[in-house]
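Here is the structure we will look at.
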Amino acid sequence: MFRNAAAVYLRLVRHKGRKAGASLTRHLHQTVSVLAPVLSHLHGSGLLGSGIVLASKLYMSILLQEAFPDCSLVVSPSLALASLAEVQVGVEGWLVLILHSLPRVELVQLASESDAVNLGQGFPDFPPPDFAVEAFQQAISGNFMLNQYTRAFGYPPLTKILASFFGKQLGQELDPLTNVLVTVGAYGALFTAFQALVDEGDEVIIIEPSFDCYKPMTLMAGGHPVFVALKPSPTQDGELDSSSNWQLDPTELASKFTSRTKALVLNTPNNPLGKVFSRAELELVASLCQQHNVVCISDEVYQWIVYDGHQHISIASLPGMWERTLTIGSAGKTFSVTGWKVGWVLGPDNIMKHLRTVHQNSVYHCPTQAQAAVAQCFEREQLHFGQPSSYFVQLPQALQRHRDHMIRSLQSVGLKPVIPQGSYFLITDISGFKSKIPDLPGAADEPYDRRFLKWMIKNKGLAAIPVSIFCNVQHQMPFDHYVRFCFAKDESTLRAMDEKLQQWKSDLRP
Ligand SMILES: Cc1ncc(COP(=O)(O)O)c(C=O)c1O
């Protein structure tokens, strides 16, 4: 498993989110310096195999834990995890990684400790539609065989309805047996896709800001993430920015494709920005993928959640793209049931067969009852499609009201929301606060948005997510003056937000 000494990593994660400062880093460096020659010797003598590696890892762990009792230590065999760390200390082929803290986890914990209104995490806190609840109830109380395993690649009635429903959307005849794979949520679909497609050294183009698992999933498959950023164009004074103003530079995008590029990850509507890619933007991505023989992993989990008459277009429906696209969806986002964790991938059999191999040798079966319930939800939607009774019509209408409510409220304290065209989320510009609140909590080298959020959670009772976590560590600076709010929230949560914002507004009065 461990091919060489450099493939053994230690990750230190501090408890309580306290930061690993310079003295810790120095101390750690000294500890590793003592151990490194011993380990290098073992490596040089060819003894660094199995038992010895384990023993030396254990020994090193014990010493490090004694030296840093307030750190939790994770020993990881993965070379890829190296680039996830914020601080890396290398000594003679050994690399010790310190993660300052896990910002998402730390901020969620801080929010619950401070009893803040949680507008951070992306899940609806309102009930799913009645037909979905009834479908699940029926699945658990009806046919007793739904308590047992089903077909590994998807419960047949679900793959059948997904093939027929999405076949119409994509303009393709889909075979439920070969073009559809049911997974544990869209997360499972993404993981299976990366594992199946990406080999050691392959490059994967990721559009920033991006959903935060694309990078680690690329690395875990042995790939190399290549980033290209959406950039905002300037707005008129006083005008709110819109996610449609954030665009890719075509020349920069083209320059990211090389002979090693295996895949490009597209996410439309995008999390965290809420951008819905236009047909022209998709055509640009499509032509580059075709020119360079690249697969497009298209994450479309928010495809039904689009506003202001914008239209979601699946890139797989463009000419020549079905053959090279994996289209990923989520029942969680589609029917407001994120806890069911049912997702899917649609694609051509010559690519899907590799995903089936990964799925069969990792997850194998997804829960049968949840799949049965999702099948019933899609059967219902197929009948109501395009009508006012369709959930795919009702959900975006309701969420657009919540979006507009949140935009108005956030502006009242000087926050500047970027109007999203789709998704559950909006990001808001916080740069105006830099001069107003000079003393933010956290360390000086921590991204500004994280420090701002710690302040906002503690002092204003509102929790959100820093946008810098959706970017590569080296690229955080342009994005560190935005925070992401989720507006897929119940009216009562939005009222609680308003109360906090009114208090904030009254604090602003001289
Ligand atoms: C862009 C994006 N893709 C995938 C997922 C994961 O979806 P699921 O809950 O179905 O695993 C999420 C969840 O937040 C998401 O925002």
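Atoms within each ligand, like the ligands themselves, are counted from 1 in listed order. Note that these values count all heavy atoms, side chains included, but never hydrogens, waters or copies made by symmetry.
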The atoms of ligand 1 lying under 4.0 Å from a heavy atom of S330, numbered in the order shown, are 8 (P), 10 (O)
Is the distance between the ring centroids of F433 and F452 less than 6.0 Å? yes
Tell me the protein heavy atom at minimum distance from atom 12 (C) of ligand 1, and give that distance in Å. F211 CZ, 3.3 Å
Check whether R380 reaches the backbone of F131 with its side chain - one donor and one acceptor, N or O, closer than 3.5 Å. no
Looking at ligand 1, would Y302 count as a contact under a 4.0 Å heavy-atom criterion? yes
Report the C-alpha separation of R260 and D199 in whole Å, then their side-chain angles, then the decisive distance to 0.1 Å, and conclude whether the salt bridge (charged side-chain N to carboxylate O under 4.0 Å, His left out) test is met. CA-CA 10 Å; R260 295 302 323 246; D199 293 322; over 6 Å; no
Output field: ring centroids F166/W344 closer than 6.0 Å: yes
Distance filter under 4.0 Å to N267 heavy atoms, resulting ligand 1 atoms: 1 (C)
Starting from atom 1 (C) of ligand 1, find the nearest protein heavy-atom neighbour and note its residue, name and distance. D299 OD2, 3.3 Å
May I ask you to check whether H481 and Y448 place their ring centres under 6.0 Å from each other? no
Are any of the N/O atoms on V342, whether in the backbone or the side chain, positioned under 3.5 angstrom from an N/O atom of ligand 1? no
Using the ring of each side chain (for Trp, its six-membered ring), is Y482 parallel, tilted or perpendicular to W246, with breaks at 30° and 60°? perpendicular
Aromatic centroids of F153 and Y364 separated by under 6.0 Å: no
Looking at ligand 1, would T338 count as a contact under a 4.0 Å heavy-atom criterion? no
Residue pair P272 / I427: nearest heavy atoms and the distance that separates them: O-CG2, 3.3 Å
Can you sort out which atoms of ligand 1 are near K341, meaning under 4.0 Å from one of its heavy atoms? 8 (P), 9 (O), 11 (O)
Report yes if K333 has an N/O atom closer than 3.5 Å to an N/O atom of ligand 1; otherwise report no. yes
Between F191, F123, Y187, flag the one that comes closest to atom 6 (C) of ligand 1 by a heavy atom. Y187
For G185, take its heavy atoms, then give the atoms of ligand 1 lying under 4.0 Å from any of them. 10 (O), 11 (O)
Between the candidates A186, G332, G122, which shows the shortest non-hydrogen contact distance to atom 8 (P) of ligand 1? A186
